[in-house]
Amino acid sequence: MKKIKSTFEFLVFESFEELSMEDQKLMNSAIEARKNAYAPYSNFKVGAAVLLDNNEVVIGNNQENASYPSGLCAERVAVFQAGAKFPGIVINKVAITATSEKYEVAKPAAPCGNCRQSMVEYEQKQKAPIEILMMGEKGKIIKCNSITDILPFAFDNSFL
Ligand code: THU
């Protein structure tokens, strides 16, 4: 038996203004996307913006459904849309932000497990990491270097 320790590094920004201009621009696209979320059941609106290697930005927002599990998260709407529109183009970054009609979201919105699993597939397909920027409405912003960092032991096609 041996014990293995796994660690990862991430950046914490105190405010939006601390981000690079490129990251601010991408996060602004996610903020815009957030406004068009269809979230009548949770009132929790999420926006995502994907930056591709060809400099295109593809956005997504959560799309809810009266049959709750039929809805989809913002990140998957964005990443699937990128895959559909720009197949084969590497995804460099995904910016995520959330707002609620019930309270002020003051902590970074983290992608759910299903979204991490979906995004890790793209990371493996393109053999390059995808950076993730997470933000609420205000407060700190977290930047991770890759989806794999936040989904260790991911299920992938090597099992199939
Ligand atoms: N949601 C996202 O869009 N992304 C996530 O990673 C977490 C949750 C959405 C799904 C649902 O419409 C609402 O937030 C509340 O769960």
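One-based numbering, in listed order, for ligands and for the atoms of each.
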Trainee: Non-hydrogen atoms closer than 4.0 Å to ligand 1: which protein residues do they belong to? List them by chain and number, please.
Mentor: Ser42, Phe44, Val46, Asn62, Glu64, Cys73, Ala74, Glu75, Ala110, Pro111, Cys112
Trainee: Hydrogens and angles aside, do Gln63 and Asn61 bring a side-chain donor and acceptor to less than 3.5 Å of each other?
Mentor: yes
Trainee: I'd like to know if the side chain of Gln126 reaches the main chain of Ile91, judged simply by a donor and an acceptor atom lying under 3.5 Å from each other, with no hydrogens or angles considered.
Mentor: yes
Trainee: Quick check: does any side chain N or O of Gln117 sit under 3.5 Å from a backbone N or O of Phe155, one acting as donor and the other as acceptor?
Mentor: yes
Trainee: Could you tell me how the ring of Tyr103 sits relative to the ring of Phe44: parallel (under 30°), tilted (30 to 60°) or perpendicular (over 60°)?
Mentor: parallel
Trainee: Is the shortest distance from a Lys or Arg side-chain nitrogen in Lys93 or Glu22 to a carboxylate oxygen in the other one below 4.0 Å?
Mentor: yes
Trainee: Is the closest side-chain donor-acceptor distance between Arg34 and Thr97 under 3.5 Å?
Mentor: yes
